[in-house]
Amino acid sequence: MIGAPEQLDIFGYRARRLAEINRVAADAARVAYNFPPSIREERVRFYLAEADRYDALAAQCAPPMAPKGVCRGCG
């Protein structure tokens with residue numbers, strides 16, 4: 001028996017979800033006033049680059065219920 005796609009991703013590592021988490025982290029880094037402005041901008045750029053990387057990975061993957069042997073769980 002095959003479970004729902006959400007059940008196949010027990011650790012929450014779906015690429016689209018990770019991209020969204022990195023965008024939220026970038027928003028938080030913008031207002032992290034405990035860092036100097038240059039470090040804040042560096043952190044924002046890093047989180048946005050990670051979000052772009054996860055979006056690209058999600059775009060390469062097949063739908064979650066793909067046949068066996070095909071990339072699963074990236075969407």
Side-chain angles (χ1 to χ4, degrees):
M1 181 171 126
I2 296 178
E6 296 80 28
Q7 291 176 335
L8 297 175
D9 185 28
I10 62 172
F11 297 110
Y13 292 148
R14 289 182 182 267
R16 292 193 198 288
R17 182 173 180 275
L18 291 172
E20 183 59 32
I21 289 170
N22 274 282
R23 284 190 189 86
V24 170
D27 290 339
R30 280 188 184 95
V31 294
Y33 295 112
N34 53 325
F35 292 103
S38 61
I39 300 299
R40 280 197 307 259
E41 285 305 311
E42 182 180 332
R43 293 177 73 220
V44 168
R45 283 193 307 270
F46 171 79
Y47 288 126
L48 292 177
E50 285 294 297
D52 290 342
R53 185 174 70 87
Y54 284 123
D55 281 336
L57 179 64
Q60 293 176 5
C61 291
M65 297 306 290
K68 188 175 183 177
V70 177
C71 179
R72 289 181 177 208
C74 294

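Atoms considered below: every heavy atom in the structure, side chains included; atoms not considered: hydrogens, waters and symmetry mates.
Atom CZ of Arg30 and atom CG of Leu48 lie 5.5 Å apart (nearest 0.5 Å). Distance CZ/Arg14 to CG/Leu57: 12.5 Å, rounded to 0.5 Å.
Between Val44 and Ala26 the shortest heavy-atom distance is CG2-O, 3.6 Å. The minimum heavy-atom distance between Phe35 and Arg40, with the atom names listed, is O-NH1, 2.8 Å. Across Ala15 and Ala58, no two heavy atoms sit closer than the pair CB-CB, 3.8 Å. Closest of all the heavy-atom pairs between Tyr54 and Asn22 is CE1-ND2, 3.5 Å.
With respect to the salt-bridge test (charged N to carboxylate O, under 4.0 angstrom), the residues Glu50 and Arg53 qualify.
At least one side-chain heavy atom of Ile39 sits less than 4.5 Å from a side-chain heavy atom of Glu42.
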